[in-house]
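Single-structure report; data block below.
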Amino acid sequence: MSKQSRELPHIYLFENGTSENYTRPKRGGGSNSPPERNRAAHAKYLEQAIGRAIQEARKQLNSRDSKLATGVSGFYLEFEIQAKETIALKSLENQQKRIELVVVKKLPGREDMVGAIVFVPESSSDYFMKKVEEYRDKNTKTKKPKNEALISRLENVQIGKVTSLFTDNPALFPEDERKIWWEVWLRKDKREEFNQITQKLEIHTKPHAISFPEREIVLAMSDVEGMARVIHNSDAVAELRIAKDTPSMFFEIAASDQVLWVNDLEKRLLEPGKHAVSICLLDSGVARIHPLLSSGMALDDMHSVEPSWGVNDSVYWRGHGTAMAGLCLYSDSLIAMLATSEKVKLLHRLESVKILPPTGQNEPELYGALTEQGVSLPEIQAPERRRVFCMAVTSGIDSSNAGTPSSWSAAVDQLCFNDGEFRRLMIVSAGNIFQEIFPKDYLNINDLETIENPGQAWNPLIVGACTEQINILDPNYAGWQVLAPGGDLSPRSRTSVRWDSQWPIRPDVVFEGGNMAFNGQNPAEIIDDLCLLTTYYRPNVRMFDRMNATSCATALASYMAARIMSEHSHYRPETVRALIVHSAEWTPAMQNHFKVASSKTARRTLLRRYGYGVPDLRRALQSASNDLTLIIEDELQPFYLEANLVKTKEMKLHKLPWPSEELEKLGEEKVELKITLSYFIEPNPGERGWAYRHRYASHGLRFKVKGSLETDDDFKWRINQATREEEEGRTISTMSDENNWFLGPNTRDSGSIHSDIWHGNAVELAQKDAIAVYPVGGWWKEKKYLNRWNQMALYSLIISIRVPEVEADIYTPVSNIVSTSIAIDT
């Protein structure tokens, strides 16, 4: 896959530190005189050792996979040197021959010895053997053995392995086949090569990196065998460590030390601006006294639906709202912010509405009303503020009636739709599984336990949980295994697999929700290492808390939504929701399940487990030269009244600025077209409507893309046919071109957000330059007497073209077309 630099805006179509005295430490470096050796015997010993190592190296080089190999062909040698003789280390490198010392570490159980790992290019494979031969046979002008300063200090040589590059506590090295997150220290200018080989090996990597003059650090998830293949087939890796950013470190330190960490960060916080976007938490209240929360939350922005409850968090709910607040404000970056010394600008603020009583439960039938009241309080306080409503409060529903709307879910839908003009973005959790989970039940139990109320609502973004938390560092859990593989579903996340097909795909997306661990056949447990770090509701006791499951994921999703709103204040709620879904991709672990899903029906089941995947903020905000995103916000009137009958009125045809010439030049190269259509429905709850989707939703919208060989007239005729088939409840027929869609209309067209990916070649896509958005029936049409047939339907349409395997600029020509068009119009 080509390297993508996301620095281009999407195309919208017609919207410190303290100075301290520094004392330079004294240099170490060992003795000046080399140890005395039996010259012949030492040379013979090293020749044999190097010979064996080179023999192993040749086997490795011969086994390099030509499809994977990248960079300079070479191998690693591990030299053993006494710790007092490290003056020899500088002689192990040779820049002209591209021989580099990459690692120096103490050898386990041999504290008097160090291991020096050196990368040796294949072209210099005889370098050290010649050094030994010269030591054996030649003298310097002072009658000393040549190369004595180096060779006499070498105790042993062997071929380098994955363990050779591992510089962490040896006890942390994974001895089994499990995948873990590695902290990969790359040699200079080797990141692109590393990305190439990891993509080919389907090794998941994080997009962020830390750069130093000679190293660049990235995170990669792999087992030992996979990392060995990277090392054997490339020269990119200099060092390996275990990724350690886990909350347990902060839980283990004393409360007084936690205060020091927090006070340091508090001094570096910069408050959000006056007009900053807000995340409004509908939860158990927030402990605003926490030093890390007070900067982002004003006292006036704390509310309660029942004044007698107060606004602070409670013991009964174990500080749930405060834990949510920490993640909403800092996302999953709190550890990184604590560890740095730089200023931290808060980009959005927090609001809190307490909708849970200090003790006990609300009556279930009151949840809808409490939610409505909770939404109104901050809007009255700050009516002009843009906000995201975040609610990770759910209750169980009857699984035999799963997917059908409830009074609570309908109230949530109505809050989002409102009057059709002022609409709200709400982020709601899918709910958690609370029963014991045994290793054998993972994923099966997730598919059986359905999304909780009000997660069956159509308009909010419903969030499930995935996990990449797979490193267990706490010695108290030595030998334990993680329940979920990295990148797969978080163990407590619920799904809509058992829902009937007419109900929306839930969850929409998944965010990090932590993992669980087990020992033997015992039920899995939540442990600190597999959770995210956040704020604790009783800072006088301790500062930090842990969080996991779908509450954690919902907070992270709300953070992303607030970031998008902060960057683009004019975007509609439907557009923000669409960008989150549109930016999502299935992880390699999820894709492995999709690969064996041979039919679109099987894919639908997986879609109901994983939603559209894991969103990416950078992808949601920026395009790349070979990954272009267009954004359209429009509206249409679905229905009108004629001769006392409500009929379908209009569709919208979008002729797009299209990089047709560039696509045609790419010919048969593989390309992707991704489309996401997002709109809010007006709900019409009532028992008669539970069995028929049109009777709950006011209307539906669908999209179709013009075929490569289709005329405009033929395209319109096909849309009319599709409308009739859907309204008559028949399976939508597809033209052969639509078989290229990964999901297809029968799977994607549930709920009020529809997203799909077309795969084909560039020359075919070159002519697919038009998209139609059209209405299908709903109660606005069927219930004429309610007089809603003349309402307008707003929608957001996101279109992306991606050329994943070659370097291509499809962005510039489209940008030029749009710029020219704007210039002409003005």
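Atom set for the values below is all heavy atoms of this structure, side chains included, hydrogens, waters and symmetry mates excluded.
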Exercise for review: Could you list the residues that satisfy ring pair (Phe, Tyr, Trp, His ring centres under 6.0 Å) with Phe742, not counting sequence neighbours?
Suggested key: Trp586, Phe594
Study note, to complete from the structure: Taking every heavy atom of Pro657 against every heavy atom of Leu630, the minimum-distance pair comes out as O-CD1, 4.3 Å
**Study point:** Atom pair OH (Tyr612) and CD1 (Ile753), whose distance is rounded to the nearest 0.5 Å
**Key:** 7.0 Å
Review point. Backbone N or O of Gly420 within a donor-acceptor pair of the Asn418 side chain at under 3.5 Å?
Key: no
Review point. Does the separation of the ring centres of His699 and Phe680 fall below 6.0 angstrom?
Key: no
Practice item. Please determine if Glu202 and Lys595 form a salt bridge, counting it only when a charged side-chain N lies under 4.0 Å from a carboxylate O. Key: yes
Exercise for review: Please round to the nearest 0.5 Å and tell me the distance separating atom CG of Leu673 and atom CG of Asp756.
Suggested key: 9.5 Å
Check your understanding: Are side-chain N/O atoms of Ser678 and Arg577 paired as donor and acceptor at under 3.5 Å?
Key -> yes
Point to revise | Pair Arg191 + Asp189, salt bridge at N-O below 4.0 Å | key: no
Point to revise | Point-to-point distance, once rounded to the nearest 0.5 Å, from CE of Met426 to CD1 of Ile462 | key: 9.0 Å
Point to revise | Shortest non-hydrogen contact between Leu663 and Ala762, atoms and distance | key: O-CB, 3.1 Å
Check your understanding: Any luck finding a side-chain donor-acceptor pair between Arg619 and Ser583 under 3.5 Å?
Key -> no
Review point. Any idea how Tyr696 and Trp458 line up, ring-wise: parallel (<30°), tilted (30 to 60°), or perpendicular (>60°)?
Key: tilted
Revision key, fill the gap. When every non-hydrogen atom of Thr467 is compared with those of Ala484, the smallest separation belongs to CG2-CB, 3.8 Å
Practice item. Provide the closest heavy-atom pair for Pro775 versus Leu701 in the form atom of the first, atom of the second, distance. Key: CA-CD2, 3.8 Å
Point to revise | Ser623 and His10: side chain donor to acceptor below 3.5 Å | key: yes
Point to revise | Ser569 side chain vs Ser566 backbone, donor-acceptor pair below 3.5 Å | key: no
Review point. Is there a donor-acceptor contact under 3.5 Å from the side chain of Ser331 to the main chain of Tyr559?
Key: no
Exercise for review: Evaluate side-chain contact (heavy atoms from CB on, under 4.5 Å) for Tyr610 paired with Leu489, printing each intermediate quantity in order.
Suggested key: CA-CA 7 Å; Tyr610 299 118; Leu489 200 68; 4.0 Å; yes
Point to revise | Test: Arg506 cationic atom under 6.0 Å from Trp499 six-membered ring centre, within 45° of axis | key: no
Exercise for review: Answer yes when Asp627 and Arg6 have at least one side-chain N-carboxylate O distance shorter than 4.0 Å, and no when they do not.
Suggested key: yes
Review point. What class does the angle between the rings of His570 and His568 fall in, given that below 30° is parallel, 30 to 60° is tilted and above 60° is perpendicular?
Key: perpendicular
Point to revise | Partners meeting ring pair (Phe, Tyr, Trp, His ring centres under 6.0 Å) with His582 (sequence neighbours left out) | key: none
Check your understanding: Does Arg187 come within less than 4.0 Å of Glu216, counting only side-chain N to carboxylate O?
Key -> no
Review point. When rounded to the nearest 0.5 angstrom, what distance separates NE2 in His754 from OG1 in Thr747?
Key: 12.5 Å
Check your understanding: Does any N or O in the side chain of Arg572 come within less than 3.5 Å of the main-chain N or O of Asp634, such that one atom is a donor and the other an acceptor?
Key -> yes
**Study point:** Thr629 versus Ser800, side-chain donor and acceptor atoms under 3.5 Å
**Key:** yes
Practice item. To the nearest 0.5 angstrom, please state how far the OG atom of Ser698 sits from the CD atom of Glu782. Key: 11.0 Å
Review point. Does the ring of Trp758 carry Lys674 above it, NZ/CZ under 6.0 angstrom from centre and within 45° of its axis?
Key: no
Exercise for review: Provide the closest heavy-atom pair for Ile631 versus Tyr571 in the form atom of the first, atom of the second, distance.
Suggested key: CD1-OH, 3.2 Å
**Study point:** Closest non-hydrogen atom pair, Leu653 against Ala770
**Key:** CD1-CB, 4.2 Å
Practice item. Apply the test side-chain contact (heavy atoms from CB on, under 4.5 Å) to residues Leu579 and Thr575: give CA-CA distance (whole Å), side-chain angles for both, the deciding distance (0.1 Å), then the verdict. Key: CA-CA 6 Å; Leu579 283 168; Thr575 306; 4.2 Å; yes
Review point. Would you call Glu650 and Tyr774 a side-chain contact if the rule is heavy atoms closer than 4.5 Å?
Key: no
Practice item. Taking atom types as modelled, find out whether Ser755 and Thr676 have a side-chain donor-acceptor pair closer than 3.5 angstrom. Key: yes
Check your understanding: About how many Å separate OG1 of Thr587 and NE2 of His593, when rounded to the nearest 0.5 Å?
Key -> 8.0 Å
Review point. Salt bridge or not for Lys652 and Glu633, using N-O below 4.0 Å?
Key: no
Review point. Name the one of Asn446, Asp488, Asp447 that satisfies side-chain hydrogen bond (donor to acceptor under 3.5 Å, both in side chains) with Arg609?
Key: Asp447
Review point. Is there a donor-acceptor contact under 3.5 Å from the side chain of Asn459 to the main chain of Ile681?
Key: yes
Check your understanding: Does any N or O in the side chain of Arg604 come within less than 3.5 Å of the main-chain N or O of Asn746, such that one atom is a donor and the other an acceptor?
Key -> yes
Review point. Around Lys655, counting heavy atoms of other residues, nucleotides and ligands shown, do more than 12 lie under 6.0 Å from its NZ?
Key: yes
**Study point:** Under 3.5 Å: donor-acceptor pair, side chain of Ser750, backbone of Ile505
**Key:** no
Check your understanding: Between Glu669 and Leu666, is there a donor-acceptor pair closer than 3.5 Å when you use the side chain of the first and the backbone of the second?
Key -> no
Check your understanding: Can you list the steps and then say if Lys670 with His759 is a side-chain contact (heavy atoms from CB on, under 4.5 Å)?
Key -> CA-CA 7 Å; Lys670 296 178 181 179; His759 297 270; over 6 Å; no
**Study point:** Asp223/Lys179 salt bridge by N-O under 4.0 Å criterion
**Key:** no
Review point. Cationic tip of Lys206 within the cone over Trp181's six-membered ring, i.e. under 6.0 Å and within 45° of the normal?
Key: yes
Practice item. Could you tell me whether the side chain of Arg229 and the main chain of Gly226 form a donor-acceptor pair under 3.5 Å? Key: no
Review point. Do the ring planes of Tyr795 and His654 sit parallel (below 30°), tilted (30 to 60°) or perpendicular (above 60°)?
Key: perpendicular
Point to revise | Candidates Arg64, Lys190, Lys188 - the one meeting salt bridge (charged side-chain N to carboxylate O under 4.0 Å, His left out) with Asp235 | key: Lys190
Review point. Do Trp780 and Gln791 have a side chain donor and acceptor closer than 3.5 Å?
Key: no
**Study point:** Short side-chain to backbone donor-acceptor contact, Lys704 and Arg718, under 3.5 Å
**Key:** no
Point to revise | Beyond-backbone contact of Leu186 with Val218, side-chain heavy atoms, under 4.5 angstrom | key: yes
Exercise for review: Any chance you could lay out the side-chain contact (heavy atoms from CB on, under 4.5 Å) test for Leu765 and Glu672, step after step, and finish with the verdict?
Suggested key: CA-CA 9 Å; Leu765 185 58; Glu672 298 172 3; over 6 Å; no
